[in-house]
Protein chains: 2
Amino acid sequence: MERPAAGEGTGRRAGLDRDDVVAAALDLIEQGGAAALSMRKLAAELGVTTNTIYWHVGGRDELLVAAIERLSRDLAAQPVRGRSPRERVLAVARRAWDNAFEHRRATALAHEIGATSLLGLPLEVALAEELEAAGLRGEAVRDALRAILMCTAGFLVVALRRHEEIAPHLRSEVLWADVPADVDPETRAALQAPPDVAALFEATLRSVVASHVPAAPDDPDIPGGPP
Amino acid sequence: MERPAAGEGTGRRAGLDRDDVVAAALDLIEQGGAAALSMRKLAAELGVTTNTIYWHVGGRDELLVAAIERLSRDLAAQPVRGRSPRERVLAVARRAWDNAFEHRRATALAHEIGATSLLGLPLEVALAEELEAAGLRGEAVRDALRAILMCTAGFLVVALRRHEEIAPHLRSEVLWADVPADVDPETRAALQAPPDVAALFEATLRSVVASHVPAAPDDPDIPGGPP
DNA sequence: ACCTGAACACCGTTCAAGT
DNA sequence: ACCTGAACACCGTTCAAGT
């Protein structure tokens with residue numbers, strides 16, 4: 001990863017532009033999370049001084065936003081499939097889910113710095129278009145879009161933190177072993193096992209989408225699985 | 001906030017115990033968020049050296065967990081009201097919502113360090129008890145509980161970041177002004193206005209709860225508002 | 001225009017020492 | 001048992017200067 005120096009001493013060109021810096025930053029983030037991105041580490045990776053980063057993109061906050069923006073562009077323009085509008089709406093939400101898993105560190109960072117909307121904008125656009133194709137307009141599109149994405153965010157927040165990252169004594173399943181609660185032993189045992197978050201997400205998503213998006217002739221009336 | 005020194009020089013007693021330190025830490029967090037809590041600032045607040053904090057509670061990570069744990073205990077033991085089990089289930093979720101708003105900085109911190117479950121454990125217990133009162137057992141309790149809380153988390157994540165904290169150019173409503181999208185002007189206009197997150201939460205919550213919890217004789221069949 | 005050197009004001013953490 | 005002094009290895013950011 002070391003760049004060959006273009007020269008020695010002060011004022012020598014390193015041949016970088018803003019995009020190189022942002023790309024390297026995104027790389028560090030995807031590998032080690034936001035904590036792994038320090039101005040000094042990034043500068044070392046690029047073979048320059050921290051000031052070079054300030055020159056090309058600005059301070060750390062701007063750098064983080066730029067990295068999320070770059071990832072957003074990389075993820076845009078994936079086509080959406082599905083036989084009915086409702087199915088395509090579901091497909092967009094599932095794509096949000098999949099993208100978040102594939103880029104979990106960047107997703108977590110985006111949330112931390114309040115740039116979730118920036119990262120998810122292409123999917124918001126796709127979702128709005130499919131909701132219109134399903135017959136919604138105006139505020140109905142907005143409310144359906146927000147409800148779907150907020151639900152997705154909630155399940156994601158939990159799913160992304162699955163076991164590796166979280167200390168054992170902070171996990172709900174572990175906490176339930178000792179907490180005093182007036183529940184059936186069978187219930188307590190169930191609460192000590194991790195839930196199938198993906199399945200719960202799919203079921204909840206189907207009911208939320210069904211409550212906002214009218215069914216096409218070939219959609220099943222009761223939210224179930226597609227054949 | 002300055003403590004009168006119990007003496008001068010090294011080795012003098014400051015009269016602190018672990019609880020004093022954790023309480024002061026929680027105070028700093030609730031005022032300025034996790035970023036406002038540095039070991040040095042907290043030590044200064046208490047009139048001691050940083051090492052005193054290490055002695056009483058340990059490093060920064062342990063301190064943050066201890067602060068969340070303390071808040072969790074403070075928030076426990078609030079009784080739940082409602083005429084039917086389903087109404088009481090809804091009431092617990094609304095309490096989670098209200099608590100998060102009242103303690104937004106601590107809630108954000110709990111999420112950052114993966115201690116959301118620790119903070120919410122008393123509410124998880126209350127929710128499990130009410131779900132059993134509604135007739136659920138075992139895995140049905142767990143799945144309903146997780147679905148309800150993950151939904152709540154998703155809407156909260158968005159609602160808590162409402163306008164003050166987030167830079168204008170990162171807000172979805174602002175981004176929608178310029179993004180290319182093949183949607184009706186009316187739809188685009190709606191997407192440029194902030195949604196009523198609380199109302200969307202209430203509606204979505206009702207449908208999620210209804211899908212897991214059987215209705216009591218006096219519950220309305222179709223999710224609407226209680227009289 | 002692009003980059004370096006050096007410094008400032010912060011961090012969390014540790015070690016030895018004091019009473 | 002409880003606390004301090006001093007140091008280490010980090011941070012982000014800024015200023016003047018070099019080519």
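Chain naming here is simple, since letters A, B, ... match the order of the sequence lines and numbering starts at 1 in each. In this text the structure is predicted, and so the values were computed from the model without any measurement.
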Original post:
When rounded to the nearest 0.5 angstrom, what is the spacing between CG in Leu200(A) and SG in Cys151(B)?
Top reply: 10.0 Å
**OP:** Check whether any side-chain heavy atom of Val158(A) lies under 4.5 Å from a side-chain heavy atom of Arg146(B), and answer yes or no.
**Re:** no
Original post:
How would you label the contact of Leu37(A) with the nucleic acid (heavy atoms, under 4.0 Å): base, sugar-phosphate, or nothing?
Top reply: sugar-phosphate
**OP:** Report the distance from atom CG of Leu46(A) to atom C1' of dC3(C), rounded to the nearest whole Å.
**Re:** 13 Å
Subject >> Approximate separation, where rounding is to 0.5 Å, of Leu131(A) CG and Thr187(B) OG1 >> reply: 9.0 Å
Original post:
How long is the line joining OH of Tyr54(A) and P of dT13(D), in whole Å?
Top reply: 4 Å
**OP:** Please state whether the phosphate of dC3(C), meaning OP1 or OP2, lies under 4.0 angstrom from any side-chain nitrogen or oxygen of His56(A).
**Re:** yes
Subject >> Salt bridge Arg206(B)-Glu202(B), side-chain N to carboxylate O under 4.0 Å >> reply: yes
**OP:** Measure the spacing between CD of Glu69(B) and CD of Glu62(B) and express it to the nearest 0.5 Å.
**Re:** 11.5 Å
Original post:
How long is the gap from CG on Leu160(B) to NE2 on His103(B), to the nearest 0.5 Å?
Top reply: 12.0 Å
Original post:
How long is the line joining CZ of Arg60(B) and P of dT14(C), in whole Å?
Top reply: 15 Å
Sort me out a list of protein N/O and nucleotides 6-8 of chain C N/O pairs below 3.5 Å, or just none if empty.
none

Original post:
What is the ring orientation for Phe201(A) with Trp97(A), classed by angle as parallel under 30°, tilted 30 to 60°, or perpendicular over 60°?
Top reply: parallel
Original post:
So does Thr52(A) get a side-chain nitrogen or oxygen closer than 4.0 Å to the phosphate oxygens (OP1/OP2) of dC3(C)?
Top reply: no
Original post:
Leu63(B) has an atom CG; how far is it from atom P of dC11(C), in whole Å?
Top reply: 14 Å
Subject >> Runs of at least three consecutive pairs that involve DNA chain C, where pairs are Watson-Crick or G-U with distances under 3.5 Å >> reply: C:4-8 with D:12-16, C:12-16 with D:4-8
Original post:
Does Leu156(A) reach the side chain of Arg104(A), with side-chain heavy atoms less than 4.5 Å apart?
Top reply: no
Original post:
Closest heavy-atom contact between Ile166(B) and Gly114(A)?
Top reply: CD1-O, 3.2 Å
Subject >> From dT13(C), dT4(C), dA1(D), nucleotide with atom closest to Trp55(B) side chain >> reply: dA1(D)
**OP:** To the nearest Å, give me how far apart CD1 (Ile53(A)) and C1' (dT4(C)) are.
**Re:** 13 Å
Original post:
Atom CD of Glu62(B) and atom C1' of dG12(C): how far apart are they, to the nearest Å?
Top reply: 13 Å
Subject >> Leu42(A) CG - dC10(D) P separation (whole Å) >> reply: 17 Å
**OP:** Figure out the NZ/P separation between Lys41(A) and dC11(C), and round it to whole Å.
**Re:** 19 Å
